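Only one structure is covered here, and it is reproduced in the block below.
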Amino acid sequence: MKKIVAFVLFTMVSIGLNAKGGNFEAKRDVLPGGYNFWVYTPDDYDAQGHPLPLIIFLHGASLCGNNLDRVLRYGTLDAIEKGKIIPALVVAPQNPGGAWNPDKINDMLQWMEAHYRVDASRIYVLGMSLGGYGTLDFAGTYPDKIAAAMALCGGCTLKNQQNLGRVPLWIIHGTADKAVGVNESKAVVQGLQKAGNDKLLRYDWIKGGSHGLLARLFYMQKTYDWLFAHSLKDRPRGVDRSFEIDREDIARTYQELKFQPDMYEND
């Protein structure tokens, strides 16, 4: 009887799904009071081998709730399922509602470092909309843990945002965004510029870009190549400016993936 109960409990905590080029595991109730989350491990992940980079993906408001499967609908994990090869661990928490909590994200990060071979010098965070806010709030709260961050069509709720100047950061927002106005991102940029704290900052305003348009960046190779170009070991810290993302790149992604252009307009 004890063996049956133990098996049921294990099944509730960790459910594995085969993915293209790796494995997804659902982690439920492993962090008391914290987020439930998905973990992706590539096929070549070896628990005794070399540490791998870690990507933290933060979703938007449309995926909030208590059904962890919703997190698979778009973003980094969905890109992997569609064939994107990402040589890294990926952790994708689910926010039950409200703003992302930087301390809870950090609790999840510490759990990952305790249970997986994580390269602590190559931890990245990216998110869209509510996840864009979460990305900046987390990076601004724990700047010494993040090698690079990308925030799409979001903003920042931190009263003091100056720690964002310590993180290689790319902020991208569409000028025609009706769900989260571009001024939310511009306020962050202007605050760092005014303080002369923008040496690690880059930003792009996609002319005529809608809210949902930015979801396509999770499926672009350039997104991950840019993140991986950074490490906490870089001396001095710098921000890579060799990559460009424009409307042609986004349109090409739409053609390749048959993306629904308005799917995430209110995310």
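Not measured: the values here are computed from a predicted model. Numbers for residues simply follow the sequence, beginning at 1.
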- Kindly confirm or rule out a cation-pi arrangement of K222 over F243, judged by NZ or CZ under 6.0 Å from the six-membered ring centre and within 45° of its axis? no

Contact check, side chains of [X] and [Y], non-hydrogen atoms, under 4.5 Å:
X: H50; Y: R117; value: no
X: L89; Y: P42; value: yes
X: Y35; Y: W111; value: no
X: Y40; Y: E81; value: no
X: V91; Y: L54; value: yes
X: Y124; Y: F57; value: no
X: D119; Y: L52; value: no
X: I206; Y: R247; value: yes

- Message: For D137 and T157: C-alpha separation, side-chain torsions, deciding distance, then whether side-chain hydrogen bond (donor to acceptor under 3.5 Å, both in side chains) applies.
- Response: CA-CA 6 Å; D137 287 356; T157 69; 2.6 Å; yes

- Message: In this structure, is the centre-to-centre distance between the rings of W205 and Y203 below 6.0 Å?
- Response: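 That pair passes the under 6.0 Å test.
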
- Query: Would you say the ring centroid of W170 lies under 6.0 angstrom from that of H230?
  - Reply: no

- Item | E113 with K145: basic N within carboxylate O range, under 4.0 Å |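 No salt bridge links E113 with K145.
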
- Electrostatic pair D144:R166 at N-O distance under 4.0 angstrom: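 Judged by the 4.0 Å cut-off on N to carboxylate O distance, D144 and R166 do form a salt bridge.
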
- Do F228 and V239 belong to the same hydrophobic cluster, where Ile, Leu, Val, Met, Phe, Trp and Tyr are linked whenever their side-chain heavy atoms lie under 4.5 Å apart, directly or via other members? yes

Starting at [atom1] of [X], measure out to [atom2] of [Y] and round the result to the nearest 0.5 Å.
X: L232; Y: R122; atom1: CG; atom2: CZ; result: 10.5 Å
X: H59; Y: C64; atom1: NE2; atom2: SG; result: 5.0 Å
X: H173; Y: T175; atom1: NE2; atom2: OG1; result: 9.0 Å

- Can a donor-acceptor pair be found between the side chains of Y142 and N163 at a distance below 3.5 Å? no

- Item | For L126, the option from L217, T76, L58 that meets side-chain contact (heavy atoms from CB on, under 4.5 Å) | T76

- Note on the structure: Exactly one of K27, R28, M108 clears side-chain contact (heavy atoms from CB on, under 4.5 Å) with N36, and that residue is R28

- Under the side-chain hydrogen bond (donor to acceptor under 3.5 Å, both in side chains) rule, what do Y133 and E184 come out as? Steps first, then yes or no, please. CA-CA 9 Å; Y133 282 90; E184 290 291 295; 2.6 Å; yes

- Query: If you look only at pairs with a residue in residues 148-167, which of them pass as a ring pair (Phe, Tyr, Trp, His ring centres under 6.0 Å), with sequence neighbours excluded?
  - Reply: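 Those involving residues 148-167 do not exist here.
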
- Task: Give a yes or no answer on whether the side chain of D246 reaches the backbone of D249 with a donor-acceptor pair at less than 3.5 Å.
- Result: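 Yes; at least one donor-acceptor contact below 3.5 Å.
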
